[in-house]
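To keep things clear, I will list the structure first and then write my remarks on it.
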Amino acid sequence: MCGIVGYIGPKEKKEILLDGLKELEYRGYDSAGIAIIEDKKLNHFKAVGKLENLANKTKDYHSSGFGVAIGHTRWATHGKPTELNAHPHLGKYSFVVHNGIIENYQSLKDKLQKNGVTFLSQTDTETIVHLFEYQCKQDQNAFESFKKTISELEGAYATLLITEVAPDTIFFAKNGSPMLIGFDGDDIYFASSDTPIIGKAKEVYYLEDGEYGYAKEGEVKLFDANGEKKFQKQSLSTDKASAQKDGYRFFMEKEIYEQSRVMSETMMGRINSNNIYFEELDSEFLNGIEAIKICACGTSYHSALASSYLFERLARIPCAVEIASEFRYKEPLLKQNTLFITISQSGETADTLEALKMAKRAGLKSLTVCNVDNSSIVRESDRAILTRAGIEKGVASTKAFATQTMVLWMLSVYMASLKGTISQDVLKGEIDAMIHTPKALIVNEGLHEKIHRLSKRYLHGHGFFFIGRDLFYPLALEGALKLKEISYLHAEGYPAGEMKHGPIALADSELFTIALMPRSLHYEKIKSNVEELSARDATILAISPMPFDLADDFIQTKYDSHPMLEFFEMMVITQILALEISIRLGNDVDMPRNLAKSVTVE
Ligand code: F6R
């Protein structure tokens, strides 16, 4: 996702920009660029792919003396990741970088084109720089032109603009996308989050929506709809790791809270009110596919397992899921016309990668659902759908699982509509539920507080059973995995209907059962399974939209109109439960003992 850095002052500007962009790398991007004006001369460089490519391109360039500089990492939304579409965007004598989406860019572009302006890129951002230069022709005053430019923009933006007509100035504006200004004496920095300027600036001002202005000669002039505005700087933390956590105690906690937002990124450009679309796939690729085989490990395996219910139920296509390390050595029978799907957050998991190579050797078409572009699994697969969760730092996977599950749900509905196995009404219902998913993922403060309070009752005992049926069985597996990874307590996920075939022998008041009881899928069935456990005095934490008197603890959910909405809401609850238990036990939530984020050995 895009990132912005800016600097005005006498220091070496290229290094400041590249260094700052490096700090934003974790957000994910597919191209980058910088523009610098010094000595009234404009220099700019852009490169597709990693920042190393940009660093290579600029290796013989060094800035010297006073100047202004802006840089950007771009994560493509309008137009492909090409050098032309990378920021900064040039007019004739000005450069702009921008995060967000200009919603009315097409009408602004049409107007400018009618006035003879030529556009080079497919981006919404380029409109800003042309609009500015168009205004400059009438105003002869750069700030007035900038002000008029931003007054015409609709949508979300954080933007920086530099221009040869005011070579000592950076113009800025913020509305809906984050941006801040850093100060160190006369040196002024800009960035879309504080990590690029930690260690450089001593004080900071976080811009509010609707604010704009310019920086010049060590001073910032700030304006909003009421005119010029005084502002209060605050001191800036010097601790990078804590700044990256944005005030959360752990990366895992931050990543749980991010799920609502990243889910919208996962769906962006792939869904509208009538249809689902994957530019990564075409109908020819899926032509003739008669079965699906999915291989993955750990959390990714749970996401795969959940999707197998959807592929069979909606797309009516047989779907088998296997743990990659098991698959590798079982001498599997692979039938042609089977689509081989791998799921991986890192794209580097050795067992999953090897399973993929086996499937390819057997001549199967391969598709991966992955969070890391250019990873080994992405490179090895015929096709890749990126989950767009952004970098996941907590070892215990959260947002990667959520976005994997969403992509697979979308894929199952996409295949169902290609095969004609669902009606228009069902298709609409699925899409409607997808669109509501970000809401179901919002962590409500009261809920978090409640889970924090009740977690103190779950720190001992002789183990946990997470139980669910259907889609909620893989979720039970995932809930149990989260808990054991970070609390080191024993937890098992189990199909609720299986309990009476053995595990119920363990039931007593020291056996903690986390019961996932959705309203929209087999409620009566799971209810009677939980009643059986309650009758044997197991301690029960029920998670359900339906009041359940036999529970010792009860968390009521809200979104019960679709099983997947229930799934995602309950997923967040199980994640927070694991987090709070682990914190109470004093464990390192982000780096649990014995675990690594990327498992590159078999
Ligand atoms: C658990 C977890 C692991 C991974 C597994 C596969 O929280 O993160 O179980 O899911 O190691 O990793 P990826 O998805 O990178 O292939």
Should the pair [X]-[Y] be classified as a salt bridge under the 4.0 Å nitrogen-to-oxygen rule?
X	Y	result
Lys57	Glu83	yes
Glu133	Lys92	no
Lys393	Glu255	no
Asp139	Lys147	no
Lys148	Glu144	no
Glu211	Lys229	yes

Which value, rounded to the nearest 0.5 Å, describes the distance between [X] atom [atom1] and [Y] atom [atom2]?
X	Y	atom1	atom2	value
Leu286	Leu367	CG	CG	8.0 Å
Asp168	Lys40	CG	NZ	8.5 Å
Leu565	Phe567	CG	CZ	11.5 Å
Lys174	Leu222	NZ	CG	12.0 Å
Ile128	Leu161	CD1	CG	8.5 Å
Ile256	Ile573	CD1	CD1	11.5 Å

Contact between [X] and [Y] at the side-chain level, heavy atoms closer than 4.5 Å - yes or no?
X	Y	answer
Thr557	Met570	yes
Glu228	Lys221	yes
Asn274	Leu427	no
Ile181	Lys233	no
Phe190	Ile197	no
Tyr257	Glu253	yes
Ile102	Glu154	no
Ile271	Tyr277	no

With no hydrogens and no angle check, is any side-chain donor or acceptor of [X] less than 3.5 Å from a backbone partner on [Y]?
X	Y	answer
Thr266	Thr387	yes
Ser94	Gly91	no
Gln404	Val369	no
Lys254	Lys245	no
Thr421	Ser417	no
Asn371	Lys399	no
Ser423	Val426	yes
Lys22	Leu51	no
Gln138	Tyr134	yes
Thr82	Asn85	yes

Does the separation of the ring centres of [X] and [Y] fall below 6.0 angstrom?
X	Y	answer
Tyr212	Phe146	no
Phe278	Tyr414	yes
Phe132	Tyr93	no
Tyr214	Phe172	no
His436	Tyr559	no

Could you verify whether a donor N or O on one side chain and an acceptor N or O on the other, from [X] and [Y], lie under 3.5 Å apart?
X	Y	answer
Gln575	Gln259	yes
Glu126	Ser121	yes
Asp187	Tyr7	yes
Asp560	Ser520	no
Glu430	His562	yes
Glu52	Asn56	no
Gln135	Thr149	no
Ser397	Glu392	yes

Point to revise | side-chain contact (heavy atoms from CB on, under 4.5 Å) between Val413 and Met434, worked out | key: CA-CA 11 Å; Val413 176; Met434 285 169 191; 3.6 Å; yes
Point to revise | ring pair (Phe, Tyr, Trp, His ring centres under 6.0 Å) partner of Phe231, chosen from Tyr205, Tyr206, Phe223 | key: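 The passing option is Tyr205.
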Point to revise | Positive for ring pair (Phe, Tyr, Trp, His ring centres under 6.0 Å) with His72, one of His44, His87, His89, His98 | key: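 Considering His44, His87, His89, His98, a ring pair (Phe, Tyr, Trp, His ring centres under 6.0 Å) with His72 is found only for His87.
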Surrounding [atom1] of [X] (heavy atoms of other residues, nucleotides or ligands, distance under 6.0 Å), is the total greater than 12?
X	atom1	value
Asp39	CG	no
Glu445	CD	no
Lys439	NZ	no

Practice item. Check step by step if side-chain contact (heavy atoms from CB on, under 4.5 Å) holds for Leu411 and Ile341. Key: CA-CA 11 Å; Leu411 186 63; Ile341 305 183; 4.1 Å; yes
Practice item. Let me know which of Lys200, Lys13, Lys14, Lys11 forms a salt bridge (Lys or Arg N to Asp or Glu O under 4.0 Å) with Asp19. Key: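 Per the salt bridge (Lys or Arg N to Asp or Glu O under 4.0 Å) rule, the option paired with Asp19 is Lys200, out of Lys200, Lys13, Lys14, Lys11.
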Practice item. Using side chain to side chain contact (heavy atoms under 4.5 Å, CB included) as the criterion, point out the one residue from Met263, Met267, Arg270 that pairs with Arg388. Key: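 That would be Arg270; it is the only one of Met263, Met267, Arg270 passing the side chain to side chain contact (heavy atoms under 4.5 Å, CB included) with Arg388.
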Exercise for review: Evaluate side-chain contact (heavy atoms from CB on, under 4.5 Å) for Phe285 paired with Leu339, printing each intermediate quantity in order.
Suggested key: CA-CA 9 Å; Phe285 180 72; Leu339 175 64; 3.9 Å; yes
Check your understanding: What are the two closest non-hydrogen atoms of Gly71 and Leu17, and how far apart are they?
Key ->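 Heavy atoms of Gly71 and Leu17 come nearest at N-CD2, 3.8 Å.
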Point to revise | Worked verdict on Met564 versus Thr405 for side-chain contact (heavy atoms from CB on, under 4.5 Å) | key: CA-CA 10 Å; Met564 289 307 289; Thr405 309; 3.8 Å; yes
Point to revise | Which residues share a ring-ring contact (aromatic ring centres under 6.0 Å, His included) with Phe568, sequence neighbours left out | key: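 ring-ring contact (aromatic ring centres under 6.0 Å, His included) check on Phe568 returns nothing, list empty.
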Point to revise | Under the side chain to side chain contact (heavy atoms under 4.5 Å, CB included) test, residues paired with Ser264 that sit two or more places apart | key: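 Ser264 satisfies side chain to side chain contact (heavy atoms under 4.5 Å, CB included) with Pro438 only.
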